[in-house]
Every structure is written in structure tokens, then in C-alpha cells.
Amino acid sequence: MKESPLFWPARLKKSVLEVLDETLIPDKVRYIKVKNTDGAVKVIRDMKTRAFGQFLVVLSTFLLELGKMKSFKKTDLKGQQKVLAKIQNIASSLNKSRPTFPFAEVTGIVVRWAMMAIDSRLDVRSFVMKNTQGYLESIRAKRLERVNNIAAIIEDGDTILTHCNVSGELAMAAALCKEQKKEVHFFATETRPYFQGARLTCWELQQMGADVTLIADNAVGSVLADRLISKVIVGSDRSCANNDFANKIGTYQIAVVAKKFNTPVYVLVQPSNRIRTGKDIPIEIRKAEELLKFNGKKVFRGKVEGFYPGFDVVPAELVKQFIAIKVTENA
Amino acid sequence: MPKQRIEIEDLKNMEKRIILLHGVFAPAFFDELKKQSPEYVFILEGRPHLEAAKSSAQELLKRGMTPTIIADNMAGFLFYKDLVKEVCLSYVDTSKRGSLCFIGASILVLLARRHGVVVSLYPSGKKVKKEMIALEKDLLFFNGVRVAPKKIKAYVPLLEWVPIKKIED
């Protein structure tokens, strides 16, 4: 299956983690060299990577840092405790990077492996690295499987509306549909203020040979009312026990309008029951400057203010189907 | 007006206190708005030309009101958090079909209906050309910078009919 660079946007190369700089696409496909946890936090906070990229960077950061650590004998309990402390420090730094994505849930998995190794008198470093690698491989396989599932949902003649960017999976499903001789058209919202829809989604769909049209975020009502759309497919950044989910700002209003026009909404999710309902999801409010300036230039004259919530919460009742991947912690 | 720089902790005190504007309004609209001493006035950008935000921002600033600008995809968040008191839309034409409003109006009307928020319609403030569709390039660039790959198609409706019954029901 042909892969989009956004499907697996970070890769560990010896002692460097290379992270795809999504802010440069479509002009350049360039990877940022991350050498330590601080660098990983920075690429996340600066939104050089997002969505699945954050998940990948988090797990890869443990591999990066542990790979640089010296090994201790299994019997060296002090040494093993040092490794555990290091893992806990990495987790703590990553957890503070951004509020909405469930960083603590992901780092918690790694910390639990380390504690398990301590309890079982195993070498923490090798146990955690082995499990992390296995976990990543398993995630990769599940995501590839989900690409097939998305392609199966898409029917010949469908017109799909998507928002922001679904980290490679939708574009790869589009390529599969093409192989299967299905005629499919995509509409991508531009996704202000970072234009992930215009820059990333249009680009990767184009790269995969799909037919895509860009629309403004405010044109969603028009295209749905005019029955130009047969399905809405979006990703998610966080899920709740009641299936409410958080995704890029703009998703809620798309779901509300789609419901009005009986257009089914499909959501790619990673199920979690750590948070009860969408009301409990912490929403990141980003700097107004990111909205009011573009490329270093002010967009509006005068002393105006801006408000930039990064994510929407979408109630589960607006969704037709969740397309889930579930990977067990013990890879 | 209260402070306009809004942080997450402020939201709990802003329930039903935002007036949300979308479109291009006549100066008289802003005179009337000022009389109401609104606590928070939010305006949508109005892609692709940003005409809605730019014109409303200047009118509000002239009258000593500080507008808060949001992107067109952020209105839903305000409704979800129950922050919107009223939606004001401008229209450029009316007919049996309803009102011809700036693109994005139908999203606001549906959000308002879902959340029990009042929608008010006002005539557009200036001679807006009744162009239904803009050029593709208008969407492919932002602030003079290209934001989409080359050879990408764009569909850029500028106005949309909002059936009156959607507002009245």
C-alpha cells in the first residue's frame, strides 16, 4: 500500500528522532531533527506535528532517550530505579506539552511497563524499549487495517467531506478506492488558522491521485444543503467513555449541519474511557496572535482581539459510525 | 465593555453574553448596538475576502467597542459552551426563498436553532455585489500567501440563501 508521509510522520534514526515538519507542507517535505525530550515537547507545542504525529513522537521519545542511556544489570536495583526515574521525568515533560491530546494516557502506558519491570526484577530499559517497539508495530498494523476499513465504507460515487487532516489514513483509503475503481470525490475544508485542510489534506489526497476540491470553513453549510456531500469523515484527538470526542475546531458545526441534512458522519477514533463525557475534555485555548497574524503580518487593522479555541467537542449522537482501532498495552 | 482578551477560565463567566456578528452591516446597526452596551461582540472572519470581519471591526472600533475575531470554524465552540446570546446576520436580498446572506450564515442559523439562540437579520450595509461565487484563487491565498498546493481546485461560494423558516421555526 502506498503510504502518505503523514501516515507515519516521525522516524527514529540512530540517536535522532526525525519529525515531519507539517507546517512546511506542501512547499517542502522536511524532517526536524529531535535530539531529546525538550526538542520533542517543542515540536508538539509549536504544532510542527499534531494528531497521530504527537502520539508517535511521544512513544519515540522514550525510545530515543532510553537508547542513549547506559544499561544496568538486572540485579543493580539502584540502576533500574534510575531508569524508572528517567522514564517518569520524560513522561512528566511530555504531559505538559499541550492540554487536549491525552498525553498522560500514552505516557502512562510506558510508565506502567517500567513499574512492571521493576516489580518483576527485569531490566527496565530493555523491557520498556521492547514493549514500546512492539506497541508501535501493532499500532501501525491496526492503522493499515483501518485504511482498508475506511475504503470499505466509501462507495462508488461518494463525495466525502473532511476537515483538518486525518494523518494519512483517508488519503491512503482514497488510493485504495482508486485501485478498486471507485469514483470518489473529496471536499476538504481549509481549516483556519493553520490551514491543515488546505495544506496537508489537499496535498496528500493530490499525491495519492484523488480528486479533491478545497472549500472555506464557512462553505460547509452550503455544500451540505446543496446535497453535494454523501459522507463526512473526520479524525479525532481524544475520546470519552460515552463516545463524545474532541477534534480540530470546526468539527462540531460540521457535525451539526450534517445531522440536519441527514449526511452520515464517520469518525476515526482511539477509544478511551478515562474521561467520562465530552464536557470533561480540557480544551486548549491558543494564542490569539496565531489567528490575527499570518506569516508574521497582521491580518486585521486596529486593536482587535482574537479568540482561538484549538478543539471542538462533538457529542456522540451526531455520529453515524466510529471507526476504531484498539491496541492492547501488552504488545 | 469588559475585557476582551479571553482565557479558558473566563468562559464559565461568559454564559449567554456574546453577540455574534456575521456579514457586512450598515453604520446605523453599530450605533444601535452601542446603545445596548454589549458585553462581548464576536465577529467571524468571513473567508475568503475577510470583508465581514474587516468592516465590522472598523465600525466597532470607531465607536469604542473592541471586537473579538474568530475564524469561521469557531462559532460552534461558542454555542457548545453556551456563550452566545444572539446572532446578528446581514442579508443582501430577500425573496420567497428566504434571505440571501454571506456564506456561513446557514451554519450559524442551524447552531442557533440547536442551542435556542435568537437570530436577527439586518440589511447589508453597503452595495454588496451579488456575486454568488468567487474566483478559486481567492481561497488559495491568505494574506498574500499561497496556502494550498498548486493545481488544487477550489469551490468558493460567497453568498447563500437561508430559508426564512429556518430562522422562524
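In what follows, every chain begins at residue 1, and chains take the letters A, B, ... in the order their sequences are listed.
For the pair B:Glu136 (side chain) and B:Ala154 (backbone), a donor-acceptor distance under 3.5 Å is present.
Residues B:Asp72 and B:Arg47 are not paired through a salt bridge, judged by the lack of any N-O separation under 4.0 Å between the basic side chain and the carboxylate. Taking 4.0 Å as the cut-off between side-chain N and carboxylate O, B:Lys62 and B:Glu59 count as a salt-bridged pair. One finds no salt bridge joining B:Glu51 and B:Lys54 here, because no Lys/Arg side-chain nitrogen approaches an Asp/Glu carboxylate oxygen to under 4.0 Å.
Between chain B and the residues A:Arg301, A:Lys303, A:Lys297, the largest count of heavy-atom pairs under 4.5 Å involves A:Arg301. Ranked by heavy-atom pairs shorter than 4.5 Å toward chain A, the options B:Ile152, B:Ile8, B:Leu158, B:Ile70 are led by B:Ile152. For the set A:Val257, A:Asn295, A:Val299, A:Asp312, the entry with the most heavy-atom pairs within less than 4.5 Å of chain B is A:Val299. Residue with the most contacts toward chain B among A:Pro309, A:Pro315, A:Ala255: A:Pro309 (heavy-atom pairs, distance under 4.5 Å). Of the residues considered (A:Gly302, A:Gly197, A:Ala188, A:Ala216), A:Ala216 shows the highest number of contacts with chain B, using heavy-atom pairs under 4.5 Å. By number of non-hydrogen pairs under 4.5 angstrom with chain A, the leading residue of B:Phe79, B:Phe142, B:Tyr155 is B:Phe142. Contact count versus chain A (heavy atoms, under 4.5 Å) is highest, among B:Arg146, B:Lys150, B:Arg114, B:Glu160, for B:Arg114.
Interface residue B:Val147: backbone and side-chain heavy atoms are both found under 4.5 Å from chain A. The contact between A:Ile285 and chain B is made entirely by side chain atoms (from C-beta outward), counting heavy-atom distances below 4.5 Å. The part of B:Leu11 that comes within reach of chain A is its side chain, from C-beta onward, which places non-hydrogen atoms under 4.5 angstrom from that chain. Using a 4.5 Å cut-off between heavy atoms, A:Lys279 contacts chain B through both its backbone and its side chain. Using a 4.5 Å cut-off between heavy atoms, A:Ile283 touches chain B through backbone and side chain atoms alike. With a 4.5 angstrom heavy-atom cutoff, B:Leu78 touches chain A only via side-chain atoms. With a threshold of 4.5 angstrom between heavy atoms, A:Val314 does not approach chain B through any atom at all. For a residue to count as touching a neighbouring chain, one of its non-hydrogen atoms must lie under 4.5 Å from one of that chain's; by this rule A:Val212 touches chain B with backbone and side chain alike.
Ring-plane geometry between B:Tyr40 and B:Phe42 is classed as perpendicular, the angle between the planes exceeding 60 degrees on a 0 to 90 degree scale with a lower cut at 30.
Looking at B:Tyr91 and B:Val162, their side chains never come closer than 4.5 Å, going by heavy atoms from C-beta outward.
Ring centers of A:Tyr308 and B:Phe77: at least 6.0 Å apart, outside the cut-off.
A donor atom on one side chain and an acceptor atom on the other are found under 3.5 Å apart for B:Asp138 and B:His49. At a cut-off of 3.5 Å, with distance as the only test, no side-chain donor of A:Thr100 or A:Asp237 sits close to an acceptor on the other residue.
Summarising the geometry of B:Lys16 relative to B:Lys85, their closest heavy-atom pair is O-CB, 3.3 Å, with the distance given to 0.1 Å.
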